[in-house]
Amino acid sequence: GDSRKSGFSAARPSVTVPRRGDPPRRPDPLPLLAGAVDTIDPTPIATYRVRVAPSWIDYNGQMNEGYYAVSFGDASDAYLMRAGFDEDYRRRHRGTFYTVETHSRYLRELKLDDPLEFHTTVLGVDAKKLHLFHSMEHATAGYAAATQEAFFLHVSLDDVSVTPMAPELLATMERDR
């Protein structure tokens, strides 16, 4: 067609519209961590173990979705502690991490006292950002019960602004990637 009629210039970027039957396209990684997904170490880190507690069980006799989030938060904390983000770090560097986005998938039901093991993969990291992927697995049956992708920002405890993390913490997280 004539680009003058549409109001677009001939130099505009082309957009490919998928047709029925075309294989799905993987979206580009977020600009925040562009390229990180292509360079990760495929070996996740075992970060956390816990059993499903009685208070986590809902009226259906299974683990309530809110406690999936709590346990994923505990897995994030366990990874951060393993990397060197502890009370001493917070005191010396006056920095912390804020969770700014998560995406969870609930794959299988969990019951009272089920043993859980969490595996964490660092999908991306730079001086101010961290991108983790967690898998929650039934520790004895071996199936994945849920997954979570989480994004964090490193924040100053003094003025709540996004600031670079200490070089030694960044270096540890980069090695884990």
Side-chain angles (χ1 to χ4, degrees), residues 27-53 55-56 63-108 110 113-140 142-177:
D28 293 332
L30 294 175
L32 160 89
L33 296 165
V37 174
D38 297 329
T39 60
I40 62 169
D41 178 348
T43 307
I45 301 163
T47 51
Y48 182 62
R49 293 180 75 98
V50 68
R51 286 192 172 272
V52 176
S55 62
W56 296 4
M63 187 166 146
N64 178 280
E65 72 270 10
Y67 289 100
Y68 283 79
V70 168
S71 56
F72 277 127
D74 290 344
S76 292
D77 289 343
Y79 171 74
L80 290 169
M81 290 287 290
R82 177 192 174 281
F85 175 74
D86 54 15
E87 186 176 331
D88 184 55
Y89 176 93
R90 291 186 294 278
R91 184 181 41 75
R92 282 186 301 115
H93 297 286
R94 303 290 303 147
T96 192
F97 283 92
Y98 280 10
T99 305
V100 295
E101 184 177 346
T102 63
H103 176 80
S104 298
R105 293 178 57 229
Y106 306 98
L107 306 173
R108 297 272 300 263
L110 293 167
D113 208 37
D114 278 349
L116 305 178
E117 183 169 286
F118 293 77
H119 294 91
T120 302
T121 302
V122 177
L123 294 177
V125 63
D126 70 21
K128 297 179 182 181
K129 299 177 285 273
L130 175 63
H131 181 188
L132 297 179
F133 178 83
H134 298 296
S135 177
M136 175 192 297
E137 298 169 13
H138 191 287
T140 55
Y143 62 80
T147 63
Q148 184 186 74
E149 191 172 354
F151 296 89
F152 306 85
L153 294 176
H154 188 269
V155 174
S156 166
L157 287 168
D158 296 323
D159 63 7
V160 194
S161 63
V162 178
T163 57
M165 65 183 87
E168 62 271 15
L169 182 60
L170 176 59
T172 299
M173 292 177 177
E174 286 174 334
R175 280 192 301 274
D176 288 342
R177 190 168 136 224

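Along the sequence shown, the residues carry numbers beginning at 1.
- Between His134 and Thr121, every side-chain heavy-atom pair lies at or beyond the 4.5 Å cut-off.
- Under the 3.5 Å distance criterion, the side-chain polar atoms of Ser156 are matched with a main-chain donor or acceptor of Asp158.
- The OG1 atom of Thr140 sits 7.0 Å away from atom CG of Asp114, with the distance rounded to the nearest 0.5 Å.
- A donor-acceptor pair is defined here as one N or O able to donate and one able to accept, closer than 3.5 Å; such a pair exists between the side chain of Tyr89 and the backbone of Ala166.
- Residues Ala144 and Arg108 approach most closely at O-CG, 3.6 Å, considering heavy atoms.
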Candidate pair Met165 and Val125, rule side chain to side chain contact (heavy atoms under 4.5 Å, CB included), full reasoning: CA-CA 11 Å; Met165 65 183 87; Val125 63; 4.1 Å; yes
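- Just one residue in the list Thr172, Asp176, Thr47 forms a side-chain hydrogen bond (donor to acceptor under 3.5 Å, both in side chains) with Arg82, and that residue is Asp176.
- When each of Ser76, Ser135, Ser71 is tested with Phe118 by the rule side-chain contact (heavy atoms from CB on, under 4.5 Å), just one qualifies, namely Ser71.
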Leu110 vs Val52, side chain to side chain contact (heavy atoms under 4.5 Å, CB included): CA-CA, chis, key distance, verdict: CA-CA 8 Å; Leu110 293 167; Val52 176; 4.3 Å; yes
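- Not one N or O on the side chain of Arg90 forms a donor-acceptor pair closer than 3.5 Å with the backbone of Gly95.
- Expressed to the nearest 0.5 Å, how far CE of Met173 lies from CG of Leu80 amounts to 5.0 Å.
- The only member of Val160, Thr163, Leu157 that meets side-chain contact (heavy atoms from CB on, under 4.5 Å) when paired with Thr96 is Leu157.
- Considering NE2 of His154 and CG of Asp126, their distance stands at 12.0 Å, rounded to 0.5 Å.
- Rounding to the nearest 0.5 Å places NZ of Lys129 at 11.0 Å from CG of Leu170.
- Across every non-hydrogen atom of Ser104 and Gln148, the tightest pair is OG-NE2, 3.3 Å.
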Pair Glu149-His131, side chain to side chain donor-acceptor pair (under 3.5 Å): steps then yes or no: CA-CA 7 Å; Glu149 191 172 354; His131 181 188; 2.4 Å; yes
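- The 12-atom threshold is exceeded at CZ of Arg94, counting heavy atoms of other residues, nucleotides or ligands nearer than 6.0 Å.
- Between Leu107 and Thr147, the closest side-chain pair of non-hydrogen atoms falls below 4.5 Å.
- Tyr48 has its side chain within reach of Asp74: a pair of non-hydrogen atoms, C-beta onward, lies under 4.5 Å apart.
- Met81 CE to Glu87 CD: the interatomic distance, rounded to the nearest 0.5 Å, is 8.5 Å.
- Two residues are said to be in side-chain contact when any heavy atoms from C-beta on lie closer than 4.5 Å; Tyr143 and Glu137 fail this criterion.
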Side chain to side chain contact (heavy atoms under 4.5 Å, CB included) assessment of Met63 paired with Tyr68: CA-CA 8 Å; Met63 187 166 146; Tyr68 283 79; 3.9 Å; yes
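- Checking Phe152, Phe97, Tyr79 one by one against Phe85, the ring pair (Phe, Tyr, Trp, His ring centres under 6.0 Å) holds for a single residue, Phe97.
- The OG1 atom of Thr102 sits 11.5 Å away from the CG atom of Leu132 when rounded to the nearest 0.5 Å.
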From CA spacing to verdict: side chain to side chain contact (heavy atoms under 4.5 Å, CB included), Asn64, Trp56: CA-CA 6 Å; Asn64 178 280; Trp56 296 4; 5.8 Å; no
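- Side-chain contact between His103 and Arg105 is present, with heavy atoms from C-beta onward closer than 4.5 Å.
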